[in-house]
Participant: 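Input: one structure, supplied below.
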Amino acid sequence: SRFGGRKACMVDHSRVAELGAVALVRDLVRRWWGVELTLADARGAVLATARGAAAPGSEVRGGWVARVCGAARARREPGSGDRRAFVHAGRSGEGLAFVVCPIRFRGEFAGCVLAGVAPSRRLPAAATEQLMDLLEAAADAVQGAFAEAAALELRAASPPHAADPATFGIIGRSRAMQDVFRLVEKVAGSEATVLIQGESGTGKELIARAVHDHGPRARQPFVAINCAALPETLLESELFGHAKGAFTGAVCDKKGLFQAADGGSFFLDEVGEMSPALQTKLLRVLEEGAVTPLGSTREIEVDVRVIAASKSDLEVAVAEGRYRKDLYYRLDVIRVDLPPLRARIEDLPLLVEHFLNKHRLGCKASRPAPRLDDAAMATLAGYAWPGNIRELENEIERLLVLGAEHDVIPSELLSPRIAHSAGARPARGNGEAAARGTLRARTDALEREMIREGLARTLWNKSRLAKDLGVSRSNLIAKIHQFGLDRKRH
């Protein structure tokens, strides 16, 4: 039995249910406000707190839990440092409101932590914020367990010493990349047009070069252009060339890139960003093997193998009327779909080692390249990598610059957006201990802040504050002494 979605399958129910941090939060919310903490997986199934099986009666409670999980799944992921927990109003007949915190792993919804608050226990705004803090801390602990388990699996599957030169000069031992390599090997020896689709930063140009370098045109030119980088008129001139006097500044004839690539391969990156007019002209080149320079009526024959790439799904663009169907079919003779990094995360250790060696700035030749500590690798394993391989390379280069004096680079040097994505968000409130990051420190800081604020609000009426907090007066007095909040000190 597994907790979370496809990307979080390495963490099972018992691993999550037995986390000490989750148990601590459960005890705190029960003691402070008399509410129960509930864990649910990505499907909305309720998990037991001490066993791996679903909680007894979950088939009855699962209805509202599933609805709350649905709301958590649909909620837009907040930016770095923003509040993740939220209040969800229950249905009128249920008499409950819910404080919910989604659990996400590698950018995907994996479940949620929630607490149902009955009308009789309706919490004031300050207490609701504090409850949100605790639910976010529990979600952080679960996400941290996911990341640690992922890092362990990665180390077991791809030990660092196994990093040898990769197929086609591209790093990748995952099944997804091996499928890509096998397809490229078959395609390279042909003259077929190739369409490479994949998110930004996945290495589409590397695949295009591999197709060219291992094909019959390997000794001929490889020309590349990003169709999204130039305005339409300039792109047309670059692709097809122009005649003297075609426009202001055209003082002589100029060959286009199709002519420059004659006999070789022409890589058209972001071909989905072409205007309808340029789509028509590109189709004519593919059909007739000839280009007409801008401002000329003379056709020039070219022999070019076209390799196109797009980060957007051209099939969807065709269905929406934004892309010519006939051009799409001309380009989509052989399609290579490149997986995002989050779908080939088992390649992460090899990629990290490769980029550490590539960008080992400031490292002496006699010294081995530094490595990342286990916490840093666990955090990288839990990140969604929206910028894919390019983003990972930039992050490793940054770590080498900031950690040039380290043999083992600590996780503290990771970019905030990556560190926070795995749950290490900045602490709220004024407690110094909260900034140290452990759950016990954060809950102690939260308790201290609740009591300090309550003492000020009730003018040091301990009996009233104990009733407000749902604890005994003797327990409150002990906490006041523990946190150094005695009135004589303030």
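Hydrogens, waters and symmetry mates play no part in the numbers below; they use all other heavy atoms, side chains included.
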Participant: Using a strict 4.0 Å threshold on nitrogen-to-oxygen distance, state whether Glu346 and Arg173 make a salt bridge.
Facilitator: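 Salt bridge between Glu346 and Arg173, a charged N being under 4.0 Å from a carboxylate O: no.
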Participant: Are Arg83 and Glu136 close enough for a salt bridge, meaning some N to O gap below 4.0 Å?
Facilitator: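 Here Arg83 pairs with Glu136 in a salt bridge, since their nearest N and O are under 4.0 Å apart.
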Participant: Decide yes or no for Leu135 and Val100: does some side-chain heavy atom of the first lie under 4.5 Å from some side-chain heavy atom of the second?
Facilitator: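 Contact flag for Leu135/Val100 side chains = no.
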Participant: Assess whether a salt bridge exists between Arg209 and Glu205, defined as any Lys/Arg side-chain N lying under 4.0 Å from an Asp/Glu carboxylate O.
Facilitator: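 Salt bridge: yes.
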Participant: Who are the side-chain contact (heavy atoms from CB on, under 4.5 Å) partners of Leu206, not counting sequence neighbours?
Facilitator: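 With neighbours one apart ignored, the set is Ile170.
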Participant: Looking at residues at least two apart in the chain, or sitting in another chain, which of them share a salt bridge (charged side-chain N to carboxylate O under 4.0 Å, His left out) with Glu315?
Facilitator: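 Partners of Glu315 by the salt bridge (charged side-chain N to carboxylate O under 4.0 Å, His left out) criterion, ordered by chain and then number, come out as Arg335.
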Participant: Judged by modelled atom types alone, do Arg324 and Thr280 share a side-chain donor-acceptor pair under 3.5 Å?
Facilitator: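 Checked: Arg324/Thr280 side chains pair up, N/O donor to acceptor below 3.5 Å.
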Participant: Going by salt bridge (charged side-chain N to carboxylate O under 4.0 Å, His left out), name the residues that satisfy it together with Glu232, two or more places apart in sequence or in a different chain.
Facilitator: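 Partners of Glu232 under the salt bridge (charged side-chain N to carboxylate O under 4.0 Å, His left out) test: none.
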Participant: List for me each residue that meets side-chain contact (heavy atoms from CB on, under 4.5 Å) alongside Tyr329, sequence neighbours excluded, and say none if there are none.
Facilitator: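 Partners of Tyr329 under the side-chain contact (heavy atoms from CB on, under 4.5 Å) test: Lys325.
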Participant: Quick one: do the Asn388 and Thr202 side chains pair a donor with an acceptor below 3.5 Å?
Facilitator: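 Note: Asn388 and Thr202 side chains miss the donor-acceptor criterion.
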Participant: Taking Asn357 for the side chain and Glu353 for the main chain, is one N or O donor matched with an acceptor at less than 3.5 Å?
Facilitator: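 Yes, Asn357 side chain to Glu353 backbone: donor-acceptor pair under 3.5 Å.
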Participant: Looking at Arg104, is its backbone amide N or carbonyl O close enough to the side chain of Gln143 to form a donor-acceptor pair, meaning the two atoms are under 3.5 Å apart?
Facilitator: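 Flag set: sc Gln143 to bb Arg104 pair under 3.5 Å.
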Participant: Have Glu270 and Ser310 got a donor and an acceptor in their side chains that come within less than 3.5 Å?
Facilitator: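 Note: Glu270 and Ser310 side chains miss the donor-acceptor criterion.
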Participant: Could you list the residues that satisfy side-chain contact (heavy atoms from CB on, under 4.5 Å) with Pro276, not counting sequence neighbours?
Facilitator: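 Pro276 satisfies side-chain contact (heavy atoms from CB on, under 4.5 Å) with no other residue.
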Participant: Consider only side-chain N and O atoms of His354 and Glu393, and report whether a donor and an acceptor are under 3.5 Å apart.
Facilitator: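 Their side chains do not contain a donor-acceptor pair, so the 3.5 Å distance test is not met.
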Participant: Please identify each residue that fulfils side-chain contact (heavy atoms from CB on, under 4.5 Å) with Arg175, with sequence neighbours left out.
Facilitator: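 Arg175: side-chain contact (heavy atoms from CB on, under 4.5 Å) contacts with Asp179.
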Participant: Whether the side chain of Trp385 engages the backbone of Leu380 through a donor-acceptor N/O pair (distance < 3.5 Å, no angle test) should be reported.
Facilitator: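 Yes.
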Participant: Got a donor-acceptor contact below 3.5 angstrom from the Gln279 side chain to the Leu327 backbone?
Facilitator: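 Pair absent, no side-chain N/O of Gln279 close to backbone of Leu327.
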Participant: Check this for me, if you would: do Glu199 and Lys204 make a salt bridge, where the nitrogen-to-carboxylate-oxygen distance has to be below 4.0 angstrom?
Facilitator: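 No, no charged N to carboxylate O under 4.0 Å.
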